[in-house]
Amino acid sequence: MHPVQSALRLPPCSLLIAGRWQSADSSFTVTDPATGQPLAQVGSATIADAEQALDAAVAALPLWRRSTATERASLLMKWHALLLEQREWLAQLLTAEQGKPLAEARAEIDYAASYINWYAGEALRLAGDWQHPSVAGRTLLNIPEPVGVVLVLTPWNFPAAMITRKLGAALAAGCPVIVKPSEYTPLTALALAELAQQAGFPAGVIQVLPCATPDPVAAHLIASPQVAKVSFTGSTAVGRLLMQQSAATLKRLSLELGGNAPVLVFADADLDAAVAGIMAAKFRNAGQTCVCINRVLVDSRIAKVLEQKLAAAVMALRLGVGTAADTQIGPLINQRAVDKVKQLVTDALAAGARLVCGQTLVPDIGHFVAPQLLSDVHMGMTICQQEIFGPVLTLQTFADEQTALQLANQTDGGLAAYLFGADEKRNYRVANALKAGMVGINVTAISDARIPFGGVGTAGFGREGSRYGINDYLQLKHLCWELAD
Ligand code: NAD
């Protein structure tokens, strides 16, 4: 076993089942991607642990679904308050295991907490309806009921927010959950669970099962008819696999998958605003967000100026460990991610892309990739077809609106898309024609608990956040009631 870093206050590094922290038979090491140093040994759940977790969730369902709106809302509000109270602890853990700069980690905790706050409100507003009958003497009621036990599978890039975005809605709806966090970032999940315990959620309502290898535990739970739904955020490849596995029991699914976001920059755009928006949306989390801009599509008349402005901004980015106050770009999550990004760049350059600029000083420990800007790319290149998930920006030009849209929509899935321009009629037309679940018009910071977050095509289905998000955890029951007089 590795020695672990001692300065970090760790959450319980075990399994949360039936309201108790339980030890596991084996453990795995969580490392700091900025240094490669071990941070903690975390218990790894087995299929037997998953069975116990499922029994606990199934046992909790009858009481949890009958809890009152105010009980659920008040527990969510207590959890929300604890998240904000422990913001600094959570942010330190998040940066340590995920790598993002502390300022971004703090912003993620605020963002994560905002979903709990939002769904506390939705718990209070949950309502069905009554219909006029077509037969006299009948009463027709439509009642939203919780779908049942939910398996929650989350990625490493937003270790706090991707959990609360799901749990807020599931818990508000009355569903017990089993959370399987990413094996790269279980500490934030365990800390969130510890705070949920302090908030007082009844035993069995929240289970957390870290796993060294996700497949067997997830597959076992997905095979069980007692799990009513799988809510997954992660890669499109794994989403596809989970959908296949879910077919046998016809599970409900929410899939929040990968994107390949374009930004269209028209000739009448405010270029400084466009550069600021592109830099924020591309380089946040070192380029590892699902709504990151992968492709800049720019009117050829202003391409040179935009390229120069972006190059200056890329060269000014400060790379380093997330705990340093001035860091803007942290490490990637692991060596596989570094290799993938480097390969995409190598292949693009070999196929004729031009390296406009790239930083050269990269820390020699940890998983860092230098911020770079590539131009003269085209949609035939893998770098334009895949999520880059690293600090590399690509630029291509268009001659007119039609071509811009063709380029933007030349991908299987659309999560986010953005555009910058001054002609609002064209902005509206283009926004409507873009193949994406969310469009930012003269803005790129679109994430918010009050918007329906989700994609189209291979970017998945289901919506998280907003008043629509809770529907993913509800099913309508109709009562046709012949009342004796
Ligand atoms: P991933 O698909 O590798 O893993 C996601 C989760 O699934 C993890 O918990 C992992 O342990 C688990 N998992 C992996 N293989 C599995 C299997 N065979 N069976 C069951 N579970 C399995 O994704 P990642 O690398 O953790 O995250 C990055 C991806 O997530 C990117 O594609 C990104 O775009 C996407 N993402 C999407 C959104 C969104 O809202 N659409 C948000 C954040 C991230």
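Just so you know, ligand 1 is whichever comes first in the structure, and atom 1 is the first atom listed for that ligand.
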Could you give the N/O to N/O pairs under 3.5 Å linking ligand 1 and the protein, each with its distance?
| residue | atom | partner | partner atom | Å |
| --- | --- | --- | --- | --- |
| ligand 1 | 2 (O) | S235 | N | 2.8 |
| ligand 1 | 2 (O) | S235 | OG | 2.6 |
| ligand 1 | 9 (O) | T154 | O | 2.6 |
| ligand 1 | 9 (O) | K180 | NZ | 2.9 |
| ligand 1 | 11 (O) | K180 | NZ | 2.8 |
| ligand 1 | 11 (O) | E183 | OE1 | 2.5 |
| ligand 1 | 23 (O) | S235 | N | 3.4 |
| ligand 1 | 25 (O) | W156 | NE1 | 2.8 |
| ligand 1 | 26 (O) | W156 | NE1 | 3.1 |
| ligand 1 | 30 (O) | G234 | O | 3.4 |
| ligand 1 | 32 (O) | E387 | OE1 | 2.7 |
| ligand 1 | 34 (O) | E387 | OE1 | 3.4 |
| ligand 1 | 34 (O) | E387 | OE2 | 2.4 |
| ligand 1 | 40 (O) | R165 | NH2 | 2.8 |
| ligand 1 | 40 (O) | E256 | OE1 | 3.4 |
| ligand 1 | 41 (N) | L257 | N | 3.3 |
| ligand 1 | 41 (N) | L257 | O | 2.8 |

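A donor-acceptor pair shorter than 3.5 Å cannot be found between the side chains of Q410 and Q406. T188 and E97 form a side-chain donor-acceptor contact under 3.5 Å, judged by distance and modelled atom types alone.
Put simply, the side chain of R252 never gets that close to the backbone of Q475: no donor and acceptor are under 3.5 Å apart.
Under 4.0 Å is where a charged nitrogen must lie from a carboxylate oxygen, and between D110 and R87 at least one such pair does.
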Quiz prompt | side chain to side chain donor-acceptor pair (under 3.5 Å) evaluation trace for K166 with S254 | solution = CA-CA 10 Å; K166 296 181 187 305; S254 294; over 6 Å; no
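In this pair, Y115 and Y111 present their aromatic rings perpendicular. The plane angle is above 60°, beyond the 30 to 60° band.
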